[in-house]
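Note that these values count all heavy atoms, side chains included, but never hydrogens, waters or copies made by symmetry. These numbers were taken from a predicted model, which means no experiment stands behind them.
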Amino acid sequence: MTEVASSVVLDVLGGRVQEVDQPIIDYIVNVLANEDFDFGEEGEGAFDAIGELLVNVGCVSNFYECRLVCGKLNEKFGKHGLVKPKPTVRSLTFKKPHIILLDEPSNHLDLDAVEALIQGLVLFQGGSLMVSHDEHLISGSVEELWVVSEGKATPFHGTFHDYKKMLQSR
């Protein structure tokens, strides 16, 4: 898979990539080829992950061009089967699951989107298991906190604020 990803990156970036050190290109390929990487809509995930790097090393001349390149990377990775579709909240409503698993769901969301996510979680008639460091999301959407530490998950009886206080007192 990395070979295909590498050829896609080299194809999209073109001649400018020859002036860039190989470890930087390898890093870009590894980020984009990671099976858990989310390109998002129109490649904004790629822009967030590597956009500044692409501009700083001269692969693109400005952030506008960078957005276009990230969109093209998204398109080409998709054509080669390297982009897996991520489930959306809208797709979940049609499947009516009993439980949803969320891993850092507020990453790359603006405040309005986080608010919408909180509303959806509160209204969801099922269980959810969420891993998050977002205090606002946690405080607004969960009924029960569990803390994972030293390989064990244990319930925490209190609010997120209480948990923060406990950590600060240690």
### Query
Any donor-acceptor pair under 3.5 Å linking the side chain of Ser169 with the backbone of Met166?
yes

### Query
Are Val55 and Val9 grouped together when hydrophobic residues (ILVMFWY) are joined by side-chain heavy atoms under 4.5 angstrom apart?
yes

### Message
As an exercise, state the distance from SG of Cys70 to CG of Asp48, rounded to the nearest 0.5 Å.
### Response
8.5 Å

### Query
Are His136 and Glu115 close enough, and set up right, to give a side-chain contact (heavy atoms from CB on, under 4.5 Å), and what steps lead you there?
CA-CA 9 Å; His136 180 67; Glu115 289 298 325; 2.3 Å; yes

### Message
Atom OH of residue position Tyr27 - does it have more than 12 heavy atoms of other residues, nucleotides or ligands inside 6.0 Å?
### Response
no

### Message
I need the Ile28 CD1 to Leu73 CG distance, nearest 0.5 Å.
### Response
9.0 Å

### ILVMFWY cluster, Ile138 and Trp146 together (side-chain gap under 4.5 Å)
no

### Query
Given the rule in the side-chain contact (heavy atoms from CB on, under 4.5 Å) test, do Ile25 and Leu10 qualify, once you have shown the distances and angles that lead to the verdict?
CA-CA 9 Å; Ile25 299 303; Leu10 294 174; 4.2 Å; yes

### Query
Under a 4.5 Å cut-off applied to non-hydrogen side-chain atoms, are Gln119 and Ser141 in contact?
no

### Summary
Rounded to the nearest 0.5 angstrom, the SG-CG distance for Cys66 and Leu54 is 4.5 Å

### same_hphob_cluster(Val131, Ile118) at 4.5 Å side-chain heavy-atom cutoff
no

### Query
Would you say Ile100 and Met130 make side-chain contact, with heavy atoms under 4.5 Å?
no

### Query
Is the number of heavy atoms from other residues, nucleotides or ligands under 6.0 Å of Glu52 CD greater than 12?
no

#### Entry: Value rounded to 0.5 Å, distance of CG in Asp103 from OG in Ser132
9.0 Å

### Query
Do Thr159 side-chain atoms and Asp162 backbone N/O form a donor-acceptor pair below 3.5 Å?
yes

### Query
Hey, what do you get for CD1 (Ile50) to CG (Asn56), rounding to the nearest 0.5 Å?
12.0 Å

### Path from Leu101 to Val147 over hydrophobic side-chain contacts below 4.5 Å
no

### Query
When clusters are formed by joining ILVMFWY residues with side-chain heavy atoms under 4.5 Å apart, either directly or through shared neighbours, do Leu145 and Leu129 land in the same one?
no

#### Entry: Residues Thr154, Val148; criterion side-chain contact (heavy atoms from CB on, under 4.5 Å); working and verdict
CA-CA 7 Å; Thr154 55; Val148 178; over 6 Å; no

## Note on the structure
For Gly140 and Val122, the nearest pair of non-hydrogen atoms, with its separation, is O-CG2, 3.5 Å

### Task
Check the pair Val8 / Val29 against side-chain contact (heavy atoms from CB on, under 4.5 Å), numbers first and verdict last.
CA-CA 9 Å; Val8 168; Val29 169; over 6 Å; no

### Query
How close do Leu117 and Pro105 get, heavy atom to heavy atom, and via which atoms?
CD2-CB, 3.7 Å

### Message
Keeping Glu65 on the side-chain end and Ser61 on the backbone end, is there a donor-acceptor pair under 3.5 Å?
### Response
yes

### Message
Quick one: does any side-chain atom of Asn30 pair with a main-chain N or O of Asp26 as donor and acceptor, under 3.5 Å?
### Response
yes

### Flag side-chain contact, heavy atom, 4.5 Å: Ser128 against Ile99
no

### Message
Could you tell me if the side chain of Leu102 sits less than 4.5 Å from the side chain of Leu121, heavy atoms only?
### Response
yes

### Query
For residues Glu135 and Ser139, is any side-chain donor paired with an opposing acceptor at under 3.5 Å?
no

## Note on the structure
Rounding to 0.5 Å, atoms NE2 (His98) and CZ (Phe124) come to a distance of 9.0 Å

